[in-house]
Amino acid sequence: MCGIVGGVAERNIINILIEGLKRLEYRGYDSAGVALLDNEGLSIYKKKGKVSELEKYLSTNGDLKSKIGIGHTRWATHGEPNDVNAHPHYSSSEKFAMIHNGIIENYADIKKNLIAKGVEFRSETDTEVLVQLIEYIQVKKKLDLLTAVQVALRQVIGAYAIAILDKRNPNQIIAARKQ
Ligand code: GLU
């Protein structure tokens, strides 16, 4: 069982996310990551290994500041534990970043359809399939993100908790869960 954490704050969110991930460590995990959103844009930092490795990696990236963010500890089910398969995952355009706890059971069929439509994948995860599906629907149907998430989740079989950041909306985290 992995863990997900998200937050919006007046102060820098990074330590809040790291603290949240540390509290979830007891659940077991193989990698950890965060997505941060500030004036510079939407950035993802992720590493195979412990939350302390992620913390070290963040500290080598200068003076990071963000008032909104999401964080994840992963227990791999689809794709080996490595930096690429660690969460968060970007959508193709890198406008969305998503974390996910659980399994998308019908990910293979959805992935096949998206590949046929020209979507390219970076990771082996079921999670990336969902964030790509959300972006595909959002763009194709010209929907706001919340509606696109709702439409996408109707196509998904499985149990999950997700949280998504949108580069164009620095005041919002969309979250959903099933079971
Ligand atoms: N199925 C996803 C993956 O393998 C999420 C696993 C989890 O719940 O940590 O990346």
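Counting starts at 1 for both ligands and their atoms, following the listed order. What you see is a predicted model; the values in this text were computed from it and never measured.
- Each of the following atoms of ligand 1 lies closer than 4.0 Å to a heavy atom of Thr125: 10 (O).
- Between His87 and ligand 1, at least one N/O pair is under 3.5 Å apart.
- Under the 4.5 Å side-chain criterion, counting only non-hydrogen atoms from C-beta, Lys67 is not in contact with Ile13.
- Ring orientation note: the planes of His100 and His87 are close to parallel, at an angle under 30° on the 30°/60° scale.
- Distances from ligand 1 to the non-hydrogen atoms of Gly79 include no value under 4.0 Å.
- Some N or O of Gly102 is nearer than 3.5 Å to an N or O of ligand 1, by distance alone.
- Applying the side-chain hydrogen bond (donor to acceptor under 3.5 Å, both in side chains) test to every pair with at least one member in residues 110-119, sequence neighbours left out, gives no pairs at all.
- Between Glu94 and Arg122 a salt bridge is recorded (basic side-chain N to carboxylate O distance below 4.0 Å).
- Short contacts between ligand 1 and Trp75, defined as distances under 4.0 Å to a heavy atom of the residue, involve ligand atoms 6 (C), 7 (C), 9 (O).
- A side-chain hydrogen bond (donor to acceptor under 3.5 Å, both in side chains) check over residues 129-139, counting only residues at least two apart or in different chains, returns the pairs Ser91-Glu135, Ser92-Gln132, Ser93-Glu135, Glu128-Gln132.
- In this structure, the separation between CG on Leu36 and CD1 on Ile14 is 5.0 Å, given to the nearest 0.5 Å.
- Per-residue contacts place Cys2 under 4.0 angstrom from the following atoms of ligand 1 (heavy atoms of the residue considered): 7 (C), 8 (O), 9 (O).
- Considering backbone and side-chain atoms together, Asp126 places an N or O closer than 3.5 Å to an N or O of ligand 1.
- At a heavy-atom distance under 4.0 Å, atoms from both the backbone and the side chain of Asn101 approach ligand 1.
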